Amino acid sequence: MSTTLVMKTPSEFRQGLQAGITIALGYMPIALTFGLLAKSTGLTVSETVLMSLIVFAGASQYISLSLLTVGTGMFEIILATFILNIRHFLMSASLNEKVEKDHPIKKALYSFGVTDETFSVSAVKEGTVTTGYMFGVISISYASWVVFSGVGHVIGASLPATLQEAMSVALYAMFVGLLVPSMKKHKKVVVLAAIAAILNSLFVLIMSVGWAIVVSTILSAVVVEYCTQFLRKEGKKHEY
């Protein structure tokens, strides 16, 4: 008499949850830091959690705190974060070629959760990415970011006032941490950062901090891209 063991294959949603665990763990310290900084910026715990619920974009939320700190207007903050997140159009367009065909509403729902990390995990998955898998990866990542943003704020509320004020320095340290790895890999990023810094230093003399950031970001990107294309064309001419 033989016994046959049937191995049950996990559902696509569960596979997505399993794949998203590493993202959730990676989000924990960043979300905690965001919550701490939000507290030092003056946001309430409900405002902090609501921002993570609605925005769900780490770099954008950090830059929003920076702009709020200097009293930047709402429109300038929205425009600055929009420019910062333009890359999401490209990621979503690329991912759309890999995911299974499904109702546009379902795609719209999980496209909200497309971040650098969820995109990377989904893009490297072999074969077609299912809707269930996408919801699995994004659900656990989203939950981690939102929950630990709130936890970070609560922890920050129990810290001494002097330490809460000192946490604002961590905001700039976070930006440096995001920028330096890219600068090591690409000289173009070094030039871009330098031009943006110079332009921003000049623009703050004639306009508000928020608009200075927005304008310097756009101009520096245009200048660097134009120079890159010009050098490529010159290089091709010399090849002939």
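Only a predicted model underlies this, so the values are computations on that prediction, with no experimental measurement involved.
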Test side chain to side chain donor-acceptor pair (under 3.5 Å) applied to [X] - qualifying residues, sequence neighbours left out:
X    : result
Q18  : none
T128 : none
T130 : E12
S60  : N85

Within-4.5 Å side-chain heavy-atom neighbours: I23 and S144: no
Side chain proximity check, S122 to K98, heavy atoms < 4.5 angstrom: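 SC-SC contact between S122 and K98 ruled out.
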What's the separation between atom [atom1] in [X] and atom [atom2] in [Y], rounded to the nearest 0.5 Å?
X    : Y    : atom1 : atom2 : answer
M51  : L43  : CE    : CG    : 5.5 Å
F75  : F82  : CZ    : CZ    : 10.5 Å
I138 : L17  : CD1   : CG    : 11.5 Å
T41  : L65  : OG1   : CG    : 4.5 Å
L32  : H153 : CG    : NE2   : 13.0 Å

Backbone N/O of T131 and side chain of E100: donor-acceptor pair under 3.5 Å: yes
Short side-chain to backbone donor-acceptor contact, Y62 and F34, under 3.5 Å: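 Answer holds: yes.
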Pairs satisfying side-chain hydrogen bond (donor to acceptor under 3.5 Å, both in side chains), at least one member in residues 42-58, at least two apart: T44-S46, T44-E47, S52-Q61, S52-W145, S52-S149
Whichever hydrophobic residues join I78 through chains of side-chain contacts under 4.5 Å: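 M74, listed by chain and number.
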Joint cluster assignment, I54 & V146, ILVMFWY side-chain distance < 4.5 Å: no
Shared hydrophobic cluster, L50 / I30 (ILVMFWY, side-chain heavy atoms < 4.5 Å): no
Other residues, nucleotides, ligands: >12 heavy atoms within 6.0 Å of I86 CD1: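 More than 12 heavy atoms, drawn from other residues, nucleotides or ligands, come within 6.0 Å of this atom.
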Check side chain to side chain contact (heavy atoms under 4.5 Å, CB included) between [X] and all other residues, then give those that pass, not counting sequence neighbours.
X    : answer
I198 : L202
I83  : L79, V214, T217, I218
L25  : I21, M28

Could you give the side-chain donor-acceptor pairs of residues 106-115 under 3.5 Å, partners two or more places apart or in another chain?
{"residue": "K107", "atom": "NZ", "partner": "N96", "partner atom": "OD1", "Å": "3.0"}
{"residue": "S111", "atom": "OG", "partner": "K107", "partner atom": "O", "Å": "3.2"}
{"residue": "S111", "atom": "OG", "partner": "A108", "partner atom": "O", "Å": "2.8"}
{"residue": "T115", "atom": "OG1", "partner": "Y27", "partner atom": "OH", "Å": "2.9"}
{"residue": "T115", "atom": "OG1", "partner": "E117", "partner atom": "N", "Å": "3.4"}
{"residue": "T115", "atom": "OG1", "partner": "E117", "partner atom": "OE1", "Å": "3.3"}
{"residue": "T115", "atom": "OG1", "partner": "T118", "partner atom": "N", "Å": "3.2"}
{"residue": "T115", "atom": "OG1", "partner": "T118", "partner atom": "OG1", "Å": "3.2"}

